[in-house]
Amino acid sequence: SFDLDNTIWKTGPVIQSANDALNTYLLENIGIDNMPIRVEGVMKDLFVNNKKKYCPVQHAEEEEKIQKELLLSSASSSSSNPSNINAVGKETDEQNTNVVNKPLLQNVKAPVLLTQLRIDAIKEIFYNQTAASSSSISISIEEQIESSAQEAFAVWTQARHDAIPKNLASSVLECLNELRSLQTSNGNKIIIGAITDGNSNPTKVELLKEYFDFCINAESVGISKPDRRVYDKAILHVFENPDLQHVFDLDDMEQKINSSTVTFHHMPWWVHIGDDFVKDIVAAKDLKMRSIWCRELIKPKPKKEESVVNSDNLQQKVDSTSKEERNIDDLKKDLAVKKELNMIIGSEDFLLDSIQAEFADAIVDQFQDISTIITKWHSEGVNESLNDDQNMKNLVAISEAREAVIEDVNDVSNGISSEENDDEKSAQTTANEKVKFCIMCGTKLPIMANFCSSCGQKQNTT
């Protein structure tokens, strides 16, 4: 699965093209002579003034958290045995007041329901235009405004999708072509999807639609990445789609899964690619997926004055950096920012690289390298699966043949000594010991298997 914005295409110029097209449409086709503020400006004001509407799930969860804090505070005060009950009661009231007055969504910087926000902003412009020429707005006018806003949003959406092919990362089509040609060990196609916080859809882009099997938008879940519920919806979509669910290899799974348990299934064969270290890479690791951190479109272009590095300007950089006091919070911010990190070589640099390597299974600075990495992983997985399947078939055949021979011997010989019976049992036990069980999912495996054919977990071979 791919993130879209700043992974497959450059977000800034795509959104700018769509915004320009929308504002031109409003000026030329809706009878708006002058807009003192563009749609994107209205969107900003609407979001700041009503975050609850555009981040409903987060708002509800923060309200629930506050209610729990109030209950805990009340329970704590009632269970105490104070000498001055009035003073404690006053302190509890002050604590409750602080909890109730705590601003909600103060750390939320971006809306989730982007489509609704943009349509509301367009409607706001229409309402302002209508109010300037009429003292009241009738129901029929409201209906017309709603319809016109939907038409204008359709213009914006089409302009956005039209701008995407002009702003793709390098070699996107070549990479997707190579991925589309891959097949599973059972001869089925691999699945390619999108998981995005935005409201774009590659299946509606003529140049890209043949490569994508599904697209999950965060606003359809009501919350943004890195919340695992966004990824859970993608997993569930694939699992419940008859044309896609073959990737779970349901027939061979000894631990049966269903819609309630599938999102907790170990999936090292699911690879997620994105540009945001926290929203894409850390989130994928949390779901036990593999991840590729693609940084091509977020890398800052080197400045001309930085193109030549000598001992003098390097020492100046060291001196200036050493004057800044930094802590672990600064490191976390550096880790999550959408840019390549330029740091002086040292313990902090080593720590940063170690953290990145811990979460990202691969890091690429050119989009075209993605197909090379996935093809390599895919080949290793298919070969391992085929080898494990063949080894298991061989073991089963040997076991069945041995049982048949033993059964024939028992038919011919009417009496076998107790000692001979013990030998046969020992031989059968030895045959059974030629298999083992996956340490993660419990699937029966050949004794020499390095990886589980069901979940991909690395096995102990000693």
Side-chain angles (χ1 to χ4, degrees), residues 4-5 11-12 14-61 63 104-105 108-164 194 196-206 209 214-224 229-230 233 237:
L4 297 177
D5 294 317
T11 306
V14 169
I15 296 296
Q16 186 62 49
S17 294
N19 288 342
D20 291 344
L22 172 59
N23 282 277
T24 298
Y25 175 82
L26 294 176
L27 289 170
E28 295 180 353
N29 298 285
I30 307 300
I32 296 179
D33 300 324
N34 180 38
M35 286 193 299
I37 182 171
R38 284 166 59 106
V39 172
E40 51 268 37
V42 179
M43 289 176 65
K44 179 180 179 180
D45 293 338
L46 289 178
F47 173 65
V48 170
N49 294 325
N50 194 355
K51 289 185 177 182
K52 175 182 178 179
K53 181 176 182 179
Y54 305 108
C55 302
V57 174
Q58 291 160 287
H59 188 274
E61 289 176 347
E63 277 191 328
L104 297 177
L105 304 178
V108 175
K109 305 300 182 184
V112 176
L113 304 185
L114 291 166
T115 297
Q116 186 61 57
L117 178 58
R118 193 172 298 277
I119 291 174
D120 286 350
I122 296 171
K123 289 164 63 175
E124 184 75 10
I125 291 175
F126 286 151
Y127 278 123
N128 292 337
Q129 181 78 4
T130 304
S133 58
S134 176
S135 58
S136 62
I137 300 177
S138 65
I139 295 178
S140 61
I141 293 178
E142 287 188 354
E143 293 175 347
Q144 180 61 42
I145 287 176
E146 177 68 33
S147 175
S148 297
Q150 293 290 344
E151 291 177 7
F153 179 73
V155 170
W156 182 88
T157 301
Q158 187 60 52
R160 178 179 188 175
H161 288 147
D162 289 345
I164 286 173
T196 175
D197 276 348
N199 51 11
S200 56
N201 188 340
T203 65
K204 296 182 179 179
V205 179
E206 192 65 31
K209 65 180 184 180
F214 69 90
C215 178
I216 299 299
N217 302 92
E219 63 181 2
S220 68
V221 184
I223 197 163
S224 300
R229 285 170 288 187
V230 182
K233 182 165 184 177
H237 174 82

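Sequential numbering from 1 along the given sequence is applied to the chain's residues. What you are looking at is a predicted structure, and each value in this text was computed from that prediction instead of being measured.
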Nearest heavy-atom pair of [X] and [Y]: which atoms, and what distance?
X      : Y      : value
Val155 : Ala21  : CG1-O, 4.3 Å
Asp120 : Lys53  : OD2-NZ, 2.8 Å
Thr196 : Gly198 : OG1-N, 2.9 Å
Asn199 : Thr115 : ND2-OG1, 3.2 Å
Lys109 : Phe47  : O-CE2, 3.7 Å
Gly222 : Pro56  : O-CD, 4.5 Å

Flag side-chain contact, heavy atom, 4.5 Å: [X] against [Y]:
X      : Y      : answer
Asn23  : Val39  : yes
Asn128 : Val42  : no
Lys204 : Lys209 : no
Asp45  : Ile37  : yes
Trp156 : Ile122 : no
Lys51  : His59  : no
Tyr25  : Glu151 : yes
Arg38  : Leu26  : no

_CA sep, side-chain torsions, deciding dist, call: Leu114, Arg118, side-chain contact (heavy atoms from CB on, under 4.5 Å)_ = CA-CA 6 Å; Leu114 291 166; Arg118 193 172 298 277; over 6 Å; no
Once rounded to the nearest 0.5 Å, what's the spacing between atom [atom1] of [X] and atom [atom2] of [Y]?
X      : Y      : atom1 : atom2 : result
Met43  : Asn19  : CE    : CG    : 7.5 Å
Lys233 : Ile216 : NZ    : CD1   : 5.5 Å
Phe153 : Leu22  : CZ    : CG    : 9.5 Å
Glu124 : Ile145 : CD    : CD1   : 10.0 Å
Glu40  : Ile15  : CD    : CD1   : 10.0 Å

*With respect to Cys55, which candidate in Asn50, Leu113, Val112 satisfies the side chain to side chain contact (heavy atoms under 4.5 Å, CB included) definition?*
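Between Cys55 and the candidates, side chain to side chain contact (heavy atoms under 4.5 Å, CB included) is satisfied uniquely by Val112.
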*State whether Glu61 and Arg229 are salt-bridged, where the test is any N-O pair (Lys NZ or Arg NE/NH1/NH2 against Asp/Glu carboxylate O) under 4.0 Å.*
yes
*Any donor-acceptor N or O pair under 3.5 Å, side chains Arg160, Asn201*: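 Side-chain D/A pair, Arg160 to Asn201: absent.
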*Between Ser147 (side chain) and Glu143 (backbone), is there a donor-acceptor pair under 3.5 Å?*
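Not a single qualifying donor-acceptor pair exists.
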